[in-house]
Amino acid sequence: MDAAPRPLSGRRSALVVLLFACWLQTCALTAGEVALTLTLASQGHNQATVTGSGDGTWVITSTGGDPFVITSPTVTAPDLAVTPMLSFDYICVTGLTLVEVFAHPGWSGERRVVGPALPAREGWSPFAIDLGINRALVAAKPLAWRIDLGSRPGTVIQVRNLRLRARTPAELAGATQVQAKLARDQAWNAALSAYLATDYPGAITRIAADGERLTISGTNG
């Protein structure tokens with residue numbers, strides 16, 4: 001006769017419940033994330049060797065001062081209004097001083113986003129760049145991406161979970177601030193250009209200064 005299963009102790013039961021809750025939360029986050037998986041192309045990289053393991057993980061080694069990798073093109077252009085964050089997990093014991101993303105085709109500097117430095121990490125860590133802040137890039141509806149990885153030869157970085165995803169609430173707030181600043185800068189530049197292009201009737205003809213006063217002379221019309 002089979003023995004009846006032993007009941008879990010209170011502590012073990014609580015642990016099982018906690019682990020199950022964490023698993024449910026992970027599944028919910030994964031299922032709820034709006035994302036488009038990207039893969040690295042089999043060729044076209046510059047001053048970089050790329051080795052894939054077949055499970056969506058790549059080892060990239062820079063071999064020169066201008067290393068970059070290219071993603072395989074998607075069938076249709078992603079909706080960057082929905083998934084503007086190019087993100088991945090990485091391991092890089094040296095870190096990178098600069099990460100840049102260019103949009104295909106042409107890799108134009110007008111369709112470029114400069115990201116923050118990639119901190120040195122010995123364990124898997126997340127990294128993301130907001131592509132939606134560049135309106136010219138969004139309007140181009142790109143199918144592929146070029147990711148520039150610093151400027152040092154001999155750097156090794158492991159990458160996995162490469163994708164375009166939606167912004168988190170914190171990233172959305174940051175993007176709103178960036179767009180507001182860009183709008184202010186554009187308005188200021190437009191006002192300055194209009195001022196410099198205007199031919200005013202008055203003119204300054206003489207400026208004189210001594211130890212007590214500054215004298216400015218001119219005409220008014």
Side chain to side chain donor-acceptor pair (under 3.5 Å) against Arg121, all qualifying residues, sequence neighbours excluded: none
Separation of [Y] [atom2] from [X] [atom1] (nearest 0.5 Å):
X      : Y      : atom1 : atom2 : result
Ile157 : Ser62  : CD1   : OG    : 10.0 Å
Arg111 : Trp145 : CZ    : CH2   : 10.0 Å
Ile204 : Ile216 : CD1   : CD1   : 5.5 Å
Gln47  : Thr63  : CD    : OG1   : 5.5 Å
Asn161 : Asp89  : CG    : CG    : 5.0 Å
Leu164 : Leu131 : CG    : CG    : 6.5 Å

What closest approach, in Å, do [X] and [Y] show between heavy atoms, and which atom pair accounts for it?
X      : Y      : result
Arg152 : Gly95  : NH2-O, 2.8 Å
Leu40  : Leu162 : CD2-CD2, 3.8 Å
Arg163 : Ala35  : CD-CB, 4.1 Å
His104 : Pro142 : O-CB, 3.2 Å
Ile60  : Ala48  : CG2-CB, 4.2 Å
Leu86  : Leu38  : CD1-CD1, 4.3 Å

Side chain to side chain contact (heavy atoms under 4.5 Å, CB included) evaluation trace for Thr215 with Ile207: CA-CA 6 Å; Thr215 304; Ile207 300 177; over 6 Å; no
Contact list for residues 62-96, test ring-ring contact (aromatic ring centres under 6.0 Å, His included), sequence neighbours left out: Phe88-Phe127
Pair Thr83-Arg165, side chain to side chain donor-acceptor pair (under 3.5 Å): steps then yes or no: CA-CA 4 Å; Thr83 56; Arg165 61 166 175 79; over 6 Å; no
Is [X] reaching over with its side chain to a backbone N or O of [Y], donor-acceptor style, under 3.5 angstrom?
X      : Y      : value
Thr71  : Ala144 : no
Thr61  : Val156 : no
Thr94  : Thr155 : no
Asp148 : Asp66  : no
Asn134 : Arg112 : yes
Thr97  : Gly150 : no
Thr74  : Leu143 : yes

Report whether [X] and [Y] are members of the same hydrophobic cluster (ILVMFWY, side-chain heavy atoms less than 4.5 Å apart, transitive linking).
X      : Y      : result
Val69  : Val113 : yes
Phe102 : Ile133 : no
Val138 : Trp107 : no
Leu98  : Ile129 : no
Leu137 : Leu36  : yes

Within 45° cone and under 6.0 Å: Arg160 NZ/CZ vs Trp58 ring: no
Working for side chain to side chain contact (heavy atoms under 4.5 Å, CB included), residues Val82 and Val34: CA-CA 8 Å; Val82 178; Val34 179; 3.7 Å; yes
